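Pasting a structure here, questions to come.
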Amino acid sequence: MAVQSEPSNETSAKKARLEEPDPATSEPVIEDMSHYNIAKLLGQSDDGRVVFTQGTIAGKEGPAVVLFETNSIDLDKVKLFLSHQSVVKLVMNNDIYNIFSLDPPPGTHSIKTTVIHPATEKIINKFTQKPAYFVEETWELYEKITKPYILEHLGDHKWVYNILEGTKEQDRIICKVEDERDGFVLAADLKWDMTTVENLYSLAIVQRRDIYSVRDLNQSHLPMLRSIRDKSLAAIKDKFGVPSSLIRVYLHYQPAYYHLHIHFAHMRYMVGAPYIGKSIALSDVIQNIELCGDYYQKMSLTYYIKDGHALSNELDKHGVIVRE
């Protein structure tokens, strides 16, 4: 059953991962940002910290997507701003309130820049701000439309397998459990600098390649889910001093990619779409399956999906999305 549409300004701030170049065969896609020519603004994150753009790179074929993100500011950085080199301009004042524009000294505040090139249509669509619609997915609808779609989109997970196989991002591994059935890797997401604990954001990626989403989970997976929860939270507490009471643990449905992964994010970090219609708490998943072993093969799941998404197009063909 479909429900009415809900306009949304929510655009995922999750960044597509870039394969780390092999020094022997690759060179940076861009060395001077003046070579990037912006064609259009695709959108921005809900908190306004990340701007998504599309353009081209001089001398390179194909479109590029470039993300500009303001880094978090801590007290040490603020102290660097308190310099005679900072340029301060009065914007307005009213009684006790004085608003200034402050340009900090060079080198004291950087902009994190992610360059994706060549950018596929899927990548461009991911970062393009579009209206979103709620869909109530019955198990029958999943079997008829969603599952065939998932099975057709399983070939673009190389970056996931690189992490699992130990060839990439090994310096970002927080916890790793080697087990054919219940193994997983907890890795810091590229959005997190692994220093600012309030921005903690990590992904637990299961070793198995036959679990695509929450829809595949049943009673046989409970030991794996409990292990991921308990061991990941313990590792986060041990390495970063953050207690489990400050960590949100959740899955997405629909997920960004169809290889089961679980999000671990600090309560203060709101990037990662922890919203109704997108996120399901891992504790809820475990309890639901404890109550009914095949819960996610019976229940309807409500999620939102952006206009123009490939799955949205499939749902449109069957008249599932209500647009008016």
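Sequential numbering from 1 along the given sequence is applied to the chain's residues. Bear in mind that the values here come from a model prediction, so they are computed numbers and not experimental data.
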Heavy-atom closest pair, residues L186 and A204: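 Heavy atoms only, the tightest pair is CD1-N, 3.7 Å.
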Quick check: does any side chain N or O of H35 sit under 3.5 Å from a backbone N or O of E31, one acting as donor and the other as acceptor?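 It does not hold such a pair.
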Could you check whether the rings of Y36 and F68 sit parallel, tilted or perpendicular, using 30° and 60° as the cut-offs?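 Geometry flag for F68 against Y36: tilted rings.
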Any sub-3.5 Å donor-acceptor pair from E61's side-chain atoms to P118's backbone N or O?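 It does not hold such a pair.
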State, with a plain yes or no, whether a side-chain heavy atom of S312 is found less than 4.5 Å away from one of I321.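 Yes, at least one pair of side-chain atoms sits under 4.5 Å.
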Give every residue pair that meets the ring pair (Phe, Tyr, Trp, His ring centres under 6.0 Å) criterion with at least one member in residues 172-193, sequence neighbours excluded.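 Matches after skipping sequence neighbours: W192-F240.
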Closer than 3.5 angstrom, by distance alone: can the side chain of T302 be matched with the main-chain N or O of E136 as a donor-acceptor pair?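 It does not hold such a pair.
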Would you say M267 has more than 12 foreign heavy atoms packed within less than 6.0 Å of its CE?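 Check fails, neighbour count at 12 or below.
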Please round to the nearest 0.5 Å and tell me the distance separating atom OG1 of T114 and atom CG of L190.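 One gets 8.0 Å once the value is rounded to the nearest 0.5 Å.
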Are side-chain heavy atoms of I150 and L154 found at a separation under 4.5 Å?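 Contact flag for I150/L154 side chains = yes.
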Intermediate values then yes/no, side-chain contact (heavy atoms from CB on, under 4.5 Å), C292 and K298: CA-CA 9 Å; C292 178; K298 289 182 175 179; 4.1 Å; yes
Taking all non-hydrogen atoms of both residues into account, name the closest pair between L222 and I286 and its distance.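 The answer is CD2-O, 3.8 Å.
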CD of Q297: more than 12 outside heavy atoms within 6.0 angstrom?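 Above 12, so yes.
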Is the gap between the ring centers of H261 and H263 under 6.0 Å?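 Between H263 and H261, which both carry aromatic rings, the centre distance is below 6.0 Å.
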Within the structure provided, determine whether Y212 and L151 are in side-chain contact (heavy-atom separation under 4.5 Å).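 Yes - at least one pair of side-chain heavy atoms lies under 4.5 Å apart.
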Say whether E137 and T146, considering side chains only, have a donor N or O and an acceptor N or O under 3.5 Å apart.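 Yes.
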Taking V66's backbone N and O only, do any of them form a donor-acceptor pair with T53's side chain (distance below 3.5 Å, no angle check)?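 It does hold such a pair.
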When you compare the side chain of D179 with that of M224, does any pair of heavy atoms fall below 4.5 Å?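 With C-beta onward as the side chain, the pair stays apart.
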Do R226 and D230 meet the salt-bridge criterion of a basic N to acidic O distance under 4.0 Å?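 A salt bridge is absent here (no side-chain N lies under 4.0 Å from a carboxylate O).
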Testing the 3.5 Å rule here: is there a donor-acceptor pair between the side chains of N199 and K191?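 Per modelled atom types, N199 and K191 side chains form no pair under 3.5 Å.
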Apply side-chain contact (heavy atoms from CB on, under 4.5 Å) to Y250 and I280, showing your working. CA-CA 5 Å; Y250 57 94; I280 309 173; 6.0 Å; no
Spacing of I305 atom CD1 and Y303 atom OH [to the nearest 0.5 Å]: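 OH of Y303 is found 5.5 Å from CD1 of I305.
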Yes or no on side-chain contact (heavy atoms from CB on, under 4.5 Å) for N37 and I57, after CA distance, side-chain angles and deciding distance? CA-CA 6 Å; N37 300 302; I57 299 174; over 6 Å; no
L67 and V51: side-chain contact (heavy atoms from CB on, under 4.5 Å), yes or no, with the steps? CA-CA 6 Å; L67 284 57; V51 173; over 6 Å; no
Between N313 and G308, what is the shortest heavy-atom contact and its length?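 Residues N313 and G308, closest heavy atoms: ND2-O, 3.8 Å.
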Group every Ile, Leu, Val, Met, Phe, Trp and Tyr by side-chain heavy-atom contacts under 4.5 Å, then state whether Y97 and L90 land in the same group.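 Each belongs to a different hydrophobic cluster.
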Less than 6.0 angstrom separating the ring centers of F52 and F127, yes or no?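 F52 vs F127: aromatic centres under 6.0 Å.
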Does a side-chain heavy-atom distance below 4.5 Å link P255 with Y257?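 A side-chain contact is absent here, since even the closest heavy-atom pair is not under 4.5 Å.
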Between E314 and K144, is there a side-chain N and carboxylate O pair less than 4.0 Å apart?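 Here E314 does not pair with K144 in a salt bridge, since their nearest N and O are not under 4.0 Å apart.
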E178: which residues meet the side-chain contact (heavy atoms from CB on, under 4.5 Å) condition with it, sequence neighbours left out?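 Applying side-chain contact (heavy atoms from CB on, under 4.5 Å) to E178 gives K176, Q207.
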Is it true that L102 and L80 fall in one hydrophobic cluster, defined by side-chain heavy atoms closer than 4.5 Å?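 They do not share one cluster, since no chain of ILVMFWY contacts under 4.5 Å joins L102 to L80.
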Within this structure, what is the CG-NZ distance for the pair L42 and K126, rounded to the nearest 0.5 Å?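 That separation rounds to 12.5 Å.
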Report yes if the side chains of L251 and L217 come closer than 4.5 Å at any heavy-atom pair, otherwise no.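 Side-chain contact under 4.5 Å: yes.
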Heavy-atom donor-acceptor pair, R268 side chain to E198 backbone, under 3.5 Å: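 No.
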Between H259 and Y161, how do the two ring planes meet: parallel, tilted or perpendicular, split at 30° and 60°?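 Plane angle over 60°, so perpendicular.
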I163 versus Q170, closest heavy-atom pair with distance: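 In terms of heavy atoms, the two residues are closest at O-NE2, 3.3 Å.
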Would the distance check show the side chain of E143 and the main-chain N or O of L141 forming a donor-acceptor pair, the cut-off being under 3.5 Å?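 No.
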To check you understand the geometry: which heavy-atom pair defines the closest contact between I247 and L200, and what is its length?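 Of all heavy-atom pairs spanning I247 and L200, the closest is CD1-CD2, 4.1 Å.
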Between the main-chain N or O of I124 and the side-chain N or O of T128, is there a donor-acceptor pair closer than 3.5 Å?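 Yes; judged by distance alone, with no hydrogens or angles, the pair exists.
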Pair T196, D193: side-chain N/O donor-acceptor within cut-off below 3.5 Å: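 Yes, side-chain donor-acceptor contact under 3.5 Å.
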Would you call E165 and R209 a salt bridge, taking side-chain N to carboxylate O under 4.0 Å as the test?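 Judged by the 4.0 Å cut-off on N to carboxylate O distance, E165 and R209 do form a salt bridge.
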Using the ring of Y142 (Phe, Tyr or Trp, six-membered ring only), decide whether R215 places NZ or CZ under 6.0 Å from its centre and within 45 degrees of its axis.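 Checked: cation-pi criterion met.
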Separation between CZ of R248 and OG of S279, rounded to the nearest 0.5 Å: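 Answer for the CZ-OG pair, R248 versus S279, is 8.0 Å.
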Quick check for you: to the nearest 0.5 Å, what is the distance between L203 atom CG and R172 atom CZ?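 Interatomic distance, L203 CG to R172 CZ, rounded to 0.5 Å: 10.5 Å.
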Could you verify whether a donor N or O on one side chain and an acceptor N or O on the other, from N288 and Y296, lie under 3.5 Å apart?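 Side chains of N288 and Y296: pair found under 3.5 Å.
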Backbone of I174 reached by a side-chain donor or acceptor of K239 within 3.5 Å: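 Flag set: sc K239 to bb I174 pair under 3.5 Å.
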Decide side chain to side chain donor-acceptor pair (under 3.5 Å) for N125 and K306; before the verdict, give the C-alpha distance in whole Å, the side-chain angles of both, and the deciding distance to 0.1 Å. CA-CA 9 Å; N125 183 67; K306 286 200 310 180; 5.5 Å; no
ILVMFWY cluster, I116 and L41 together (side-chain gap under 4.5 Å):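 Each belongs to a different hydrophobic cluster.
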Is any side-chain heavy atom of Y201 closer than 4.5 Å to a side-chain heavy atom of H266?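 Answer no - side chains too far apart.
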When you compare the side chain of H318 with that of I145, does any pair of heavy atoms fall below 4.5 Å?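 Yes, at least one pair of side-chain atoms sits under 4.5 Å.
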Would you say the side-chain atoms of T167 pair up with the backbone N or O of N162, donor to acceptor, closer than 3.5 Å?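 Yes.
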So which heavy atom on T56 is nearest to which on G62, and how close?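 Distance-wise, the nearest heavy atoms are CG2-O, 4.4 Å.
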Run through N93, V91, V88, V87 and flag the one making a side-chain contact (heavy atoms from CB on, under 4.5 Å) with F100.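 Among N93, V91, V88, V87, the one that satisfies the side-chain contact (heavy atoms from CB on, under 4.5 Å) with F100 is V88.
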Could you give the distance from OG (S232) to CZ (F264), rounded to the nearest 0.5 Å?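 Reported to 0.5 Å precision, the distance equals 3.5 Å.
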Could you tell me whether a side-chain N or O of H221 sits under 3.5 Å from a main-chain N or O of N218, the two making a donor and an acceptor?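 Such a contact is found between H221 side chain and N218 backbone.
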